[in-house]
Protein chains: 2
Amino acid sequence: MSVEFAPLTLEPAYRKVAAAIGARILSRALVEGERLPPETELARQFRVNRSTVREALRELESRGLVQRRAGSKLMSVSRPQQGTVAAGVSHALMLHDVTVRDLWEALTILEPPIAAGAARRRTDADLKCVSAAVEAFAAARGDTEQAVQLSAAVFRCLGEATHNPVLGLAHEPLLRLLGPSLRIMIDEVPQARARIATAHRRLLDALLARDADAAQQWMARHIRDFRKGYEIAGIDLERRVTGVTDPSANPAS
Amino acid sequence: MSVEFAPLTLEPAYRKVAAAIGARILSRALVEGERLPPETELARQFRVNRSTVREALRELESRGLVQRRAGSKLMSVSRPQQGTVAAGVSHALMLHDVTVRDLWEALTILEPPIAAGAARRRTDADLKCVSAAVEAFAAARGDTEQAVQLSAAVFRCLGEATHNPVLGLAHEPLLRLLGPSLRIMIDEVPQARARIATAHRRLLDALLARDADAAQQWMARHIRDFRKGYEIAGIDLERRVTGVTDPSANPAS
DNA sequence: GGTCTAGAAATTGTCCGACAATCATACGAT
DNA sequence: ATCGTATGATTGTCGGACAATTTCTAGACC
């Protein structure tokens with residue numbers, strides 16, 4: 001046998017540049033808010049063309065590691081926003097043919113402990129976040145879309161209230177996928193709003209009393225209700241979750 | 001009041017192009033495996049320069065929506081690989097100062113139900129996946145790094161065995177973050193390997209018997225053991241989880 | 001007919017240079 | 001000190017170029 005050589009530099013330059021900058025950010029050598037050097041300067045340092053640098057920046061940008069601050073030209077280092085990451089995960093789940101059942105099962109697992117943790121560790125600000133969403137939901141009589149959003153907002157506030165970023169980030173993609181089926185359910189099942197509002201109130205009470213057990217129980221019931229709602233609304237549990245209605249779905253005419 | 005104008009086209013062209021192509025993929029108008037038109041063709045269709053198209057492609061690439069198949073030039077549509085998405089999430093969590101406690105709490109919540117689901121729905125192939133990892137772990141006496149990887153592999157196989165992609169994707173980032181602290185624990189706590197191996201065996205037994213309760217119980221105990229291990233190893237629970245040791249951390253010299 | 005090969009065409013990765021629009025800064029006027 | 005302005009820096013986009021590599025096409029051969 002001859003000497004073996006490893007295949008080398010299969011990676012294009014733009015990815016190497018992105019990896020180099022990304023590693024600096026992940027290692028915290030570049031901290032949040034710090035401004036990146038201009039593209040020409042990066043090109044000079046890496047000994048590469050500005051176009052190549054720009055391609056690398058697009059990758060870092062979409063990973064949420066760099067960001068252009070509003071009304072500013074220079075890129076600055078940033079931590080990935082929760083929304084950015086969650087969108088990626090929910091898109092991935094959609095494309096992997098996640099069913100309503102899969103989603104529901106995950107909620108069954110995640111949300112009750114989240115509610116319990118929220119009851120244990122909520123601050124007054126968290127309480128305000130939840131109660132605002134709960135009240136707005138109860139008030140949103142007509143508007144289905146708003147009701148769906150507010151229902152998700154309650155979950156979101158509970159996630160925040162755990163003060164555990166892992167939990168917040170873990171359930172955010174689920175909330176995004178929940179939208180479409182929840183919308184159908186609220187429209188088709190007359191008693192859905194009332195049951196959700198009740199669960200909201202009980203959850204709020206449990207949070208107020210810092211009663212983790214009650215919060216967990218009511219959340220579990222809340223999620224079970226979803227399933228009943230699906231059945232009543234005639235939503236097939238094996239149906240794939242549909243895409244989130246995205247305002248950017250604007251086909252180039 | 002004067003007429004209101006919405007702020008317009010703050011979005012650069014490269015992002016619009018990426019959004020347009022991305023929307024087609026998410027709406028399944030472009031399906032997995034399909035080859036994207038060449039860059040020049042895309043540039044012609046969108047009426048933009050090829051450089052602009054390339055920047056858009058870099059974004060889609062990093063979101064995992066398009067991919068270059070090995071040794072091929074053309075881009076093809078793909079669903080985001082689990083690894084790609086999980087890497088993004090774990091990076092985000094790192095940068096958001098997630099602590100060992102946060103991570104541990106999330107594992108406490110997620111893993112026991114995952115084990116239960118795995119026991120309920122595992123196939124023979126899943127069983128083989130788990131048992132292979134379990135045996136390899138028991139056999140990997142010396143190599144800490146391998147033991148860590150195999151320990152994660154057991155979790156990963158269990159996640160697969162639930163046949164619920166949501167659960168698999170939800171816990172994958174946690175497994176990646178687990179590495180560093182687990183490595184320390186295995187090195188510092190003499191009995192760690194034995195306890196982990198025992199838990200593995202019990203989990204495997206439960207899977208074999210399709211005993212969801214036993215699987216859940218043993219997994220809960222397994223995770224509780226982690227916490228004890230952290231304490232014995234002197235790992236501060238409030239410590240931030242450190243970065244995953246990344247082979248691409250190659251600073252441009 | 002099927003398979004193989006060589007040349008042609010297409011495609012990507014990278015470079016260079018250019019320019020308008022916008023942002024940042026320094027500087028002078030009020 | 002505040003404001004407006006001129007100047008320079010930076011980004012977004014464009015056009016063109018070229019080498020390396022892949023894909024396609026058309027014969028050549030069995």
Side-chain angles (χ1 to χ4, degrees), chain A residues 5-22 25 30 33-78 248 250 252-253, chain B residues 5-22 24-25 30 33-78 248 250 252:
Chain A
F5 289 104
L8 46 102
T9 130
L10 285 130
E11 252 189 341
Y14 60 79
R15 209 169 305 156
K16 284 195 204 165
V17 171
I21 300 177
I25 296 175
L30 295 173
E34 201 161 336
R35 280 187 305 192
L36 234 48
E39 296 171 354
T40 49
E41 173 62 16
L42 289 172
R44 194 187 62 70
Q45 289 183 21
F46 285 111
R47 228 93 81 180
V48 100
N49 193 272
R50 187 161 80 99
S51 307
T52 304
V53 169
R54 284 179 63 80
E55 293 187 34
L57 288 178
R58 290 300 89 75
E59 179 181 327
L60 294 170
E61 196 178 25
S62 93
R63 287 209 274 157
L65 294 180
V66 304
Q67 199 181 25
R68 207 178 349 281
R69 270 182 298 202
S72 170
K73 227 160 231 268
L74 297 97
M75 287 282 206
S76 58
V77 175
S78 71
S248 68
N250 208 15
S253 62
Chain B
F5 290 103
L8 48 103
T9 91
L10 287 126
E11 254 190 341
Y14 61 79
R15 209 169 305 157
K16 285 194 202 166
V17 171
I21 300 176
R24 287 281 183 95
I25 297 174
L30 296 173
E34 201 161 338
R35 281 188 303 192
L36 231 48
E39 295 170 353
T40 49
E41 173 62 15
L42 289 171
R44 195 189 61 71
Q45 289 183 21
F46 285 111
R47 232 95 79 181
V48 296
N49 193 272
R50 188 163 78 100
S51 307
T52 305
V53 169
R54 284 179 63 80
E55 292 187 35
L57 288 178
R58 291 299 88 76
E59 181 181 327
L60 294 169
E61 195 178 28
S62 92
R63 287 209 274 158
L65 294 180
V66 304
Q67 201 182 22
R68 208 178 352 281
R69 270 181 298 205
S72 169
K73 220 163 238 266
L74 298 96
M75 286 281 206
S76 59
V77 176
S78 70
S248 69
N250 209 12

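The sequence lines fix the lettering, A, B, ..., with proteins before strands; numbering per chain opens at 1. Keep in mind the model is a prediction, meaning the values are calculated, not measured.
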Legend entry - Nucleotide nearest Ala13(B) when distance is taken to its side chain, options dT13(D), dG12(D), dG13(C): dT13(D)

Inset, instruction - Quickly work out the Met75(B) CE to dT23(D) C1' distance and round it to whole Å. - result: 17 Å

Inset, instruction - Would you mind reading off the distance between Lys16(B) atom NZ and dT13(D) atom P, rounded to a whole angstrom? - result: 9 Å

Legend entry - Short side-chain donor-acceptor distance under 3.5 Å, Ser51(B) and Ser51(A): no

Legend entry - Closest to side chain of Glu55(B), choosing from dC15(C), dC14(D), dT13(D): dT13(D)

Legend entry - Carboxylate-amine/guanidinium contact Arg68(B) Glu61(B), below 4.0 Å: yes

Inset, instruction - Report yes if at least one side-chain N or O of Asn49(A) is closer than 4.0 Å to OP1 or OP2 of dC16(C); otherwise report no. - result: yes

Inset, instruction - Select one nucleotide: of dC24(D), dT13(D), dT11(D), the one nearest the side-chain heavy atoms of Arg35(B). - result: dC24(D)

Inset, instruction - Could you tell me whether the phosphate oxygens of dG12(D), OP1 or OP2, come under 4.0 Å of any side-chain nitrogen or oxygen in Tyr14(B)? - result: yes

Inset, instruction - Would you mind reading off the distance between Arg54(A) atom CZ and dG13(C) atom C1', rounded to a whole angstrom? - result: 17 Å

Inset, instruction - Determine whether any donor atom in the side chain of Arg68(A) lies under 3.5 Å from an acceptor atom in the base of dT22(C), or the reverse, and answer yes or no. - result: no

Inset, instruction - Determine: side-chain N/O of Ser51(B) to OP1/OP2 of dG15(D), distance under 4.0 Å, yes or no. - result: no

Legend entry - Donor-acceptor pair (no angle test) under 3.5 Å: Arg15(A) side chain, dG13(C) base: no

Inset, instruction - Could you tell me the separation between the CD atom of Glu59(A) and the CG atom of Leu60(B), rounded to the nearest 0.5 Å? - result: 12.0 Å

Legend entry - Note: Glu55(A)-Arg58(B) ion pair, threshold 4.0 Å (strictly below): yes

